[in-house]
There are 2 protein chains.
Amino acid sequence: MFLGTYQNKIDDKNRMAVPAKFRDQLGGKCMLTKGFDECLYIYTMEDFEVMAAKIAALPQSDADFREFIRDFFGNSELCELDGQGRIKIPQNLRDYAHITKDLVTTGAMNKVEIWSAETKADFDLAKKMKDSKFTDKLREFSI
Amino acid sequence: MFLGTYQNKIDDKNRMAVPAKFRDQLGGKCMLTKGFDECLYIYTMEDFEVMAAKIAALPQSDADFREFIRDFFGNSELCELDGQGRIKIPQNLRDYAHITKDLVTTGAMNKVEIWSAETKADFDLAKKMKDSKFTDKLREFSI
DNA sequence: GTAAAAGTGGGGAAAAGTGGGGTAAAATCT
DNA sequence: AGATTTTACCCCACTTTTCCCCACTTTTAC
């Protein structure tokens, strides 16, 4: 399970250090994809395979599905971690997540989310506005 | 069951000694999470698993649920107690609970609450103000 | 009062994070 | 096709952070 929040940077060569806590679970390589909410997702190979199989099975006769399939696979990338535990983030994904320099990396159960620090800050602020709803939801699941 | 209230400190290396009374029940490690009311919770591994399993089952297609999952897992941390029975509190959780130096640690049945001493004092005062009799009496003498 | 346990502080080795050089491969241009 | 430029990738170096361990102080228990 991926847990916790980390600050990190992308360098001039578009490399990002994967937080050390996540590396063992990924085992040297991972799938980097476009996430919801203007962030990127890192999946383990196994989880990605499961998703990919489901998505590939969607009926290609439907135009919406075709677009979705194109979007999903076109914005997925197999990333191998280098000797320092870093992955390279390609331009199309950097653009999508507005990534320039400072990042926030968050464990979200079965995936890791990569955010531009600025985008995340804006998003969190917006979230705060509707925070009471949130707390109520948390209460439902608390023990 | 976790019982009792303890004063303690966080040191310059962001470590907090878990009150000795709680250690046996935690068994060397615990889950540290964001709580309600600007405090942190310590759960046993077992209790956390129960909550996590429920939350993991939420549909990721719903934006609110995605935020919730991100918030919950991103602000959870597996903490191993060091040789002195201390855990490290990460920055995101310190920030959330306004933790700088002095802490109050309270057993709350199935979880342990960690408060910044100042935040707890403010919270207790605010609670006192809400006590109707007290407030009414205060009104008589207020100017 | 004494011994044991709990709490607190800090040194130092190891790991993680970060930046950059150099070479090979790929792409582009003429 | 050959030459030139760009990109990728492996490796090394430096800085920062983490974590293990030891030592001292304070509290608790008998």
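Convention: sequence-line order gives letters A, B, ...; per-chain numbering from 1.
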ask   = Are A:F48 and A:F72 near enough that their ring centres are under 6.0 Å apart?
value = yes
query = In whole angstrom, what separates A:Y6's OH from D:dT18's C1'?
reply = 12 Å
message = Is it the case that C:dG20 (base atoms only) and A:R15 (side chain only) share a donor and an acceptor within less than 3.5 Å, ignoring hydrogens and angles?
response = yes
Test log, rule side-chain contact (heavy atoms from CB on, under 4.5 Å), inputs A:D37 and A:W115 = CA-CA 9 Å; A:D37 307 319; A:W115 289 78; 3.8 Å; yes
inquiry  = With nearest nucleotide decided by heavy atoms, which residue, B:G83 or B:K21, maps closer to the 5′ end of DNA chain D?
reply    = B:G83
request  = Starting from P on C:dA15, measure out to CG on A:D24 and report it in whole angstrom.
outcome  = 13 Å
task = Using atom CD of A:E80 as one end and atom C1' of D:dA8 as the other, report the distance to the nearest whole Å.
result = 13 Å
ask   = About how many Å separate CG of B:N14 and CG of B:D12, when rounded to the nearest 0.5 Å?
value = 8.0 Å
Donor-acceptor pair, side chain of A:T5 and main chain of B:G74, under 3.5 angstrom = yes
inquiry  = In whole Å, I'd like the distance from the NZ atom of A:K9 to the C1' atom of C:dG19.
reply    = 11 Å
request  = Specify the separation, in whole Å, of atom CZ of B:R94 and atom P of D:dT17.
outcome  = 11 Å
query = B:D82 near the nucleic acid: base, sugar-phosphate alone, or nothing, with a heavy-atom cut-off under 4.0 Å?
reply = nothing
ask   = Roughly how many Å is it from CD1 in B:I87 to P in C:dG7, rounded to a whole number?
value = 13 Å
task = Specify the closest pair of heavy atoms between A:A97 and A:S116, including all atoms of both residues, with the distance to one decimal.
result = O-CB, 3.4 Å
ask   = Within the structure shown, what part of the strands sits under 4.0 Å from A:D11 by heavy-atom distance: base, sugar-phosphate, or nothing?
value = sugar-phosphate
key: Protein-nucleotide distance (B:Q7, atom CD; D:dT27, atom C1'), rounded to Å   = 14 Å
inquiry  = If I take atom CZ in residue A:R86 and atom P in nucleotide D:dC11, what distance separates them, rounded to the nearest angstrom?
reply    = 12 Å
key: Pair B:E77 + A:K21: basic N to acidic O under 4.0 Å   = yes
message = I'd like to know if A:K13 reaches the base of C:dG21 with its side chain, counting only an N/O donor and acceptor under 3.5 Å.
response = yes
message = As a test of reading the structure: which of C:dA6, C:dG17, D:dC21 is closest to the side chain of A:A20, going by heavy atoms?
response = C:dG17
request  = Please work out if B:K88 contacts a base, only the sugar-phosphate, or nothing of the nucleic acid, heavy-atom cut-off 4.0 Å.
outcome  = sugar-phosphate
task = Tell me who clusters with B:F2, hydrophobic residues only, linked when side chains sit under 4.5 Å apart either directly or through other members.
result = B:Y6, B:I10, B:M16, B:V18, B:F22, B:L26, B:L32, B:L40, B:I42, B:L81, B:I87, B:I89, B:L93, B:Y96, B:I99, B:L103, B:V112, B:I114
ask   = Are OP1 or OP2 of C:dG17 and a side-chain N or O of A:R23 less than 4.0 angstrom apart?
value = yes
request  = Report the end-to-end axis angle of the helix from C:dG1-D:dC30 to C:dT30-D:dA1; each axis comes from five terminal pairs, and the value is rounded to 10°.
outcome  = 30°
